[in-house]
Structure formats: C-alpha cells, structure tokens
Amino acid sequence: MLNIYVCEDNKEQREYLTSCISEIIDVEDFRFQIACSTNDPHVILDAIKDERQTGIFFLDIDLNADINGIELASEIRKIQPRCYIIFVTTHAEMSYLTFTYKVEAMDFIIKDNVWEIKNRVHQCLINCYHLSDQLPEDITKNYMVKMGDRVKAVPYEDILYFEVSQNSRKIILYAKNSRIEFGGKLKEIEKELDHRFYRCHRSFIVNKDNIEKINMEDNTVTLSGGITCPISVRLGKGLRAQLSI
C-alpha cells in the first residue's frame, strides 16, 4: 500500500485534487490511500518523519508558508529518497528551482485546465503503480532537463550520452528516441549523474549501461543502436577498467 500526500494552500484546489486522486484510485483499484491532504508543509513532514515506505506527493509550489513546495520536496527526499514527487502549480516559471534544490520530479503539472490536470494526475498514478511493482533499486531515475519554462524528464536508462555542442554554452543529450539541446556545462552535469555515467572525453559523458563495444584502435565507444562517440586514450583506459573489458 502506497500512501499519497497532498500539499496545496488553496482549499478549493486541494479538495478538487484530492477528489480526483480518490476517484482514480477507486476506478483503477490501486493499492494506494490518501494519507494526508493539507495546506501546511510541516504537517506533511511530521506525517512522514518516521515513515520510510515510498510515498506519492502532489505538491503546489507557492504554499504561502515559510517554505515553498520545492523546498518541501527537498526535505521529503531526505526522508524518502525513492518517493514520487509531482508538482501541481500555476508557477511554471519556478521550475528552474527543481535544479537548484536537486529535486527529481515525476511531472510538473500546470493548473491551466482542470480536465488536463485530472488526466495528468491519472497518468502519474498509473506510472507510480507500475514503478512500485519493481524492486527499489530498479525504480526508474530521471534526468531533468530545463527547456524554457518546461522541465522534461528523461529516464536514465534511455540516455546514451551527453555531448558539448559546437556552441560551447549548450549541451546535447542523446537518448534512444530523442535528442535534446539545452544550456549547461558538462562538468556540472557530471556531478548530478550517478554511477551509470562516465566522462570518457572532455566533451562526452556516456551511459555505461548502454555501451556495446569499446574500440581502443580508433578510440571510440559503440552504444545501443550502433551509435558511436569518441573516447580519449587516458579516459578510455579508465572506462575499460570499470567495465572489466
């Protein structure tokens, strides 16, 4: 059974969101329950302080409290590192704070259409249901890419590599089915990523889980789908050592 927590300062919106969640749980027969629905972020933190089971959190950003929703999410992550966080807000312009506080969100739902909110909440709960069937260590982790006023989540398992673009102020993320260009620095991205990623060249970071072959003769690495990228001689040796090749 997964507990669901809602933190929204507007009573009418909180009641609508809670009602949507309850209806979806009943229709889908999910083993979820609404454990707390409140306008007070500290009530959420008190409710989970001794709870280590993974929860689902629907959070507004502007809570009219001493901490905002993103700061609340950061505190929640310290208690439940594997929890599912969904922001429901009117403040799309504040999405950049998810990077400042290193908050990994499942979705960022904008309150511009009540029917769209319900559809997005429904999809999030379906995703949580499927992910909760997996072992904790297998739960999908996402890399959050800021694109203007939007944040896109790219599953780590889908990422092939990151590359510094010809415009050195940009980074290109190559995934199995997409290519995303965004502002950033490779050294900062390297700090955010986990053990699956390796900087094989001053301009490239590869996902070791998607490596098919390392060729030290021409200093390249072949990734899923036959895609290749360069590796340096020194860093290539380190990559081979990590992969025991």
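This structure is a prediction, so every number in the text was calculated from the model and none was measured.
Within the 4.5 Å cutoff, the side chain of Ile76 has heavy atoms near those of the Cys83 side chain. Leu223 places a side-chain heavy atom less than 4.5 Å from the side chain of Cys229. Looking at heavy atoms from C-beta onward, Lys49 lies out of side-chain contact with Leu45 at the 4.5 angstrom threshold. Side-chain atoms of Thr18 and Ile34, non-hydrogen and from C-beta on, do get closer than 4.5 Å to each other. For the pair Tyr129 and Leu2, the minimum side-chain heavy-atom distance is 4.5 Å or more. Phe204 places none of its side-chain heavy atoms less than 4.5 Å from the side chain of Ile231. No side-chain heavy atom of Cys7 sits under 4.5 Å from any side-chain heavy atom of Phe57. Taking 4.5 Å as the limit, some side-chain heavy atom of Phe32 sits within range of a side-chain heavy atom of Ile56.
Although no hydrogens or angles enter the test, the distance criterion places a donor-acceptor pair under 3.5 Å between the side chain of Tyr198 and the main chain of Leu235. With hydrogens and angles disregarded, a donor-acceptor distance shorter than 3.5 Å links the side chain of Asn68 to the backbone of Glu71. Of the possible polar contacts, none joining the Ser19 side chain to the Glu15 backbone as a donor-acceptor pair under 3.5 Å is found. Put simply, the side chain of Asn207 never gets that close to the backbone of Leu160: no donor and acceptor are under 3.5 Å apart. Listed for the Asn210 side chain is a donor-acceptor partner under 3.5 Å among the backbone atoms of Glu157.
With values rounded to the nearest 0.5 angstrom, Glu163 atom CD is found 8.5 Å from Gln166 atom CD. We find the CG-CD1 distance between Leu72 and Ile85 to be 8.0 Å, quoted to the nearest 0.5 Å. Rounding to the nearest 0.5 Å gives a distance of 7.5 Å between OG of Ser178 and CG of Asp158. Summarising the geometry, atom NE2 belonging to His195 is positioned 6.5 Å from atom CG belonging to Asp209; distances are rounded to the nearest 0.5 Å. Here the CG-CG distance, from Leu63 to Asp9, works out to 6.0 Å after rounding to the nearest 0.5 Å. Between the CD1 atom of Ile21 and the NE2 atom of His122 there is a distance of 12.0 Å, given to the nearest 0.5 Å.
Thr228 and Thr220 share no side-chain donor-acceptor pair at under 3.5 Å. Inspection of the Asn119 and Gln123 side chains reveals no N or O donor paired with an N or O acceptor under 3.5 Å. At a cut-off of 3.5 Å, with distance as the only test, no side-chain donor of Thr38 or Asp40 sits close to an acceptor on the other residue.
The aromatic rings of Phe182 and Tyr143 sit tilted, their planes meeting at an angle between 30° and 60°. The aromatic rings of Phe87 and Phe108 sit tilted relative to each other, their planes meeting at an angle between 30° and 60°.
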_Set out, in order, the CA-CA distance, both residues' side-chain angles and the distance that settles side chain to side chain contact (heavy atoms under 4.5 Å, CB included) for Arg179 and Leu173, then state yes or no._
CA-CA 6 Å; Arg179 175 188 182 277; Leu173 184 161; over 6 Å; no

_Verdict with reasoning, Asn219 to His201, per side-chain hydrogen bond (donor to acceptor under 3.5 Å, both in side chains)_ = CA-CA 10 Å; Asn219 295 319; His201 185 280; over 6 Å; no

*Kindly indicate, with the supporting measurements, whether the criterion salt bridge (Lys or Arg N to Asp or Glu O under 4.0 Å) is fulfilled by Glu8 and Lys111.*
CA-CA 12 Å; Glu8 162 65 66; Lys111 301 176 185 175; 2.6 Å; yes

*Check step by step if side-chain hydrogen bond (donor to acceptor under 3.5 Å, both in side chains) holds for Gln33 and Asn3.*
CA-CA 5 Å; Gln33 64 180 3; Asn3 286 333; 2.7 Å; yes

*Could you walk me through whether Cys20 and Ile117 pass the side chain to side chain contact (heavy atoms under 4.5 Å, CB included) check?*
CA-CA 9 Å; Cys20 287; Ile117 289 173; 5.8 Å; no

*Is there a side chain to side chain contact (heavy atoms under 4.5 Å, CB included) between Ile172 and Phe162 once you walk through the steps?*
CA-CA 6 Å; Ile172 305 173; Phe162 295 84; over 6 Å; no

*Please step through salt bridge (Lys or Arg N to Asp or Glu O under 4.0 Å) for the pair Arg199 and Glu190, ending with a clear verdict.*
CA-CA 7 Å; Arg199 190 164 184 172; Glu190 185 179 12; 3.4 Å; yes

_As a quick check of understanding, evaluate side chain to side chain contact (heavy atoms under 4.5 Å, CB included) for Phe58 and Leu125, giving each step before the final call._
CA-CA 11 Å; Phe58 288 89; Leu125 290 176; 4.0 Å; yes

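In terms of heavy atoms, Leu59 sits closest to Ala73 at CD1-CB, 3.9 Å. Residues Met106 and Cys124 share a closest heavy-atom pair of SD-O, 3.7 Å. The heavy-atom pair separating Cys200 from Pro230 by the smallest distance is SG-O, 3.5 Å. Considering every non-hydrogen atom in both Asn142 and Pro155, the closest pair reads OD1-CA, 3.2 Å. Heavy-atom minimum distance, Lys237 versus Met216: N-CE, 4.1 Å.
Taking the ring centroids of Phe197 and Tyr156, they lie under the 6.0 Å cut-off.
Within a 6.0 Å radius of CG in Asp112, other residues, nucleotides and ligands contribute more than 12 heavy atoms. Heavy atoms of other residues, nucleotides or ligands lying less than 6.0 angstrom from NZ of Lys208 number more than 12. Counting non-hydrogen atoms of neighbouring residues, nucleotides and ligands closer than 6.0 angstrom, the CD atom of Glu188 exceeds 12 such neighbours.
Linking Ile, Leu, Val, Met, Phe, Trp and Tyr whenever their side-chain heavy atoms come within less than 4.5 Å leaves Val6 and Val43 in two separate clusters.
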